[in-house]
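In what follows, every chain begins at residue 1, and chains take the letters A, B, ... in the order their sequences are listed. Because only heavy atoms are used, hydrogens play no part in the values below, and waters and symmetry mates are left out as well, while side chains stay in.
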Protein chains: 2
Amino acid sequence: MVAERRPRKDATRNRAAVLTAADALFAQCQSPEDVTMADIAAAAGVGKGTLFRAFGDRTGLIRTLYEARLEPIRNAVEEGPPPLGPAAPPIQRVPALLDAVLCFKLDNRHLALALEGAGSDSPYRTEHYERWHTLLRDLLNLIPGLIESDFTAHALLAATRADLVEYLADEKRVPREEMREQLANFTATILGTSARRGVAAED
Amino acid sequence: MVAERRPRKDATRNRAAVLTAADALFAQCQSPEDVTMADIAAAAGVGKGTLFRAFGDRTGLIRTLYEARLEPIRNAVEEGPPPLGPAAPPIQRVPALLDAVLCFKLDNRHLALALEGAGSDSPYRTEHYERWHTLLRDLLNLIPGLIESDFTAHALLAATRADLVEYLADEKRVPREEMREQLANFTATILGTSARRGVAAED
DNA sequence: CGTCGAAGCGGACCACCGGTCCGTATCGTA
DNA sequence: TACGATACGGACCGGTGGTCCGCTTCGACG
């Protein structure tokens, strides 16, 4: 009945400090695992208790960070201009969407890695995966000639898994643009817009 | 110079006991994380030290188990009859291979999950992933009209990731046969052997 | 079969991590 | 200024992977 009580000033300040510190730490370290909660608390200049009260647990913190970073893209997808936005025809929007996801994972490897490899929780049982998947599936459904959009959507998203992206970028030294093009071609093949075989696909 | 000294009898016996016990425990429990090393040692009737001397660390144990289970399939692929074996034409062998991988992951969810989600170590920097990937890539290269076999091979394998498979099977209740067919159709689309669009693809 | 060095054993022990708890400090309001 | 509610922080806890070392067992050799 009563309105939500506004949080205290120091609480919000600390919350922001923690997010900033955590972001920096994750960006610096190789493996997300060697950033401990204590490290983050120390870097933010707060106690560990504060950390857990603000975000619940480790996963909560990481997810908050992740979704903050994701928000611009989410906006661009939900209400931005084509080819990402809703006005774009599916045949263009699907590749644009996957490209956006890929770029996001490239730019935020550490976070994505931390979230997807967060031990116990499957990356699939998260709200934002559900969102991406549903959107993608619905778009695929609008493209004539495609079947099993549900599984296809999963498979396409699987091609942008954070650890795969990290492996290709860091270990195999695949340049960013090359990777984007490979994913684009892969997507095109599935959508039937591929130029392979040298026949059809034009005019 | 000297030949490798053969391990003592009790050592090999214990090693086997540990593998058996670990296999059983992983099969029983939901999440691989709630099988601890101490649990395994206790179930096998040995001390924890034995466990670590035999396998190095947790990942080593799991990998040993995993590869033991994988061996039949590996054999079938390397020297078995078509469509899995080397005699099969690539256009048939690729789908057969992916189907085999999928079935393996379905049958050994717990192990695959334990290995792929083994925290620090990327599932991509393992020897057996390299094997699967190389084989698949080379096969794709033999199929005319396909480009970027390297990335495509990664993407196809990503569609059989253990956590995705587990999610679809356990959470979404997708029946085994349905999943196999979905993957088969997905593969067919990429290989250009798909029947979608109702045109071509026959005769 | 008895001896004896070495390989193997086991479980107490360690470092460390995520997460909790509660006495204390701070905020915001009257 | 006074005071209740809110938030703070770091000592503390349970539990995990991994180590260590005194003791046991193996098996080769005489």
Side-chain angles (χ1 to χ4, degrees), chain A residues 1-22 25-26 29-65 113-115 117-121, chain B residues 1-22 25-26 29-66 111 113-115 117-121:
Chain A
M1 215 41 98
V2 290
E4 285 291 316
R5 197 173 290 279
R6 289 190 47 208
R8 252 165 56 173
K9 186 172 48 178
D10 51 350
T12 44
R13 177 167 33 86
N14 280 336
R15 187 186 165 91
V18 167
L19 284 175
T20 308
L25 281 184
F26 277 120
C29 294
Q30 300 297 68
S31 176
E33 314 208 351
D34 42 47
V35 176
T36 74
M37 294 289 111
D39 290 341
I40 297 173
V46 303
K48 259 206 315 179
T50 304
L51 229 167
F52 285 94
R53 192 165 333 92
F55 301 99
D57 60 4
R58 177 171 235 262
T59 307
L61 207 207
I62 296 174
R63 185 165 38 221
T64 303
L65 266 175
L113 226 40
L115 191 60
S120 52
D121 356 296
Chain B
M1 210 48 94
V2 291
E4 284 292 314
R5 197 174 288 282
R6 288 191 46 207
R8 255 164 54 173
K9 187 172 47 179
D10 52 349
T12 43
R13 177 166 33 84
N14 279 337
R15 187 185 164 91
V18 167
L19 284 176
T20 308
L25 282 185
F26 278 119
C29 293
Q30 300 297 68
S31 175
E33 314 207 351
D34 41 48
V35 177
T36 75
M37 294 287 112
D39 289 341
I40 297 173
V46 303
K48 256 204 320 177
T50 305
L51 228 164
F52 284 94
R53 194 169 327 95
F55 300 100
D57 60 3
R58 178 172 235 261
T59 307
L61 206 207
I62 296 175
R63 186 165 38 222
T64 305
L65 266 176
Y66 189 84
L111 274 184
L113 226 41
L115 192 59
S120 52
D121 357 295

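Looking at residues 43-54 of chain B, you'll see V46(B), G47(B), K48(B), G49(B), T50(B), R53(B) sit with a heavy atom under 4.0 Å from some atom of DNA chain C. A heavy atom lying under 4.0 Å from DNA chain D marks the following residues of residues 14-22 of chain A, by number: N14(A).
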Note to self: Please evaluate residues L61(A) and L19(A) with respect to the criterion side chain to side chain contact (heavy atoms under 4.5 Å, CB included), reporting the C-alpha separation (whole Å), side-chain torsions for both, the decisive distance (0.1 Å), and the verdict.
What the structure shows: CA-CA 8 Å; L61(A) 207 207; L19(A) 284 175; 3.9 Å; yes
Notebook entry, point to check: Going through the checks in order, is the side chain to side chain contact (heavy atoms under 4.5 Å, CB included) test met by F26(A) and I62(A)?
Noted result: CA-CA 10 Å; F26(A) 277 120; I62(A) 296 174; 4.0 Å; yes
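How far CG of N14(A) is from NZ of K9(A): 12.0 Å, rounded to the nearest 0.5 Å. Note that the CZ atom of R58(B) and the CG atom of L51(B) stand 10.5 Å from one another [nearest 0.5 Å].
For the pair I40(B) CD1 and dG11(C) P, the interatomic distance rounds to 16 Å; values are reported in whole Å. As a whole-Å value, the separation of F55(A) CZ from dT20(C) C1' is 18 Å. In this structure, the CG atom of D10(B) is 7 Å from the P atom of dG27(D), given to the nearest Å. The nearest whole Å value for the distance from the CE atom in M37(B) to the C1' atom in dG17(D) is 8 Å. Distance D57(B) CG to dT16(D) C1': 14 Å, rounded to the nearest Å.
Relative to the axis of its first five pairs, the axis of the last five pairs of the helix from dC1(C)-dG30(D) to dA30(C)-dT1(D) sits at 0°, rounded to 10 degrees.
Two residues are said to be in side-chain contact when any heavy atoms from C-beta on lie closer than 4.5 Å; R15(A) and F55(A) meet this criterion.
Annotation: of the two residues near DNA chain D, A38(B) and R13(B), the 5′-most nearest-nucleotide partner is A38(B).
Summarising the geometry of A21(B) relative to I40(B), their closest heavy-atom pair is CB-O, 4.2 Å, with the distance given to 0.1 Å. Nearest heavy atom pair, residue A114(B) against residue P32(B), reads CB-CB, 3.5 Å. Contact detail for P7(B) and T12(B): the closest heavy-atom pair is CG-CG2, 3.9 Å.
Within the nucleic acid shown, R8(B) comes within 4.0 Å of at least one base atom, counting heavy atoms only.
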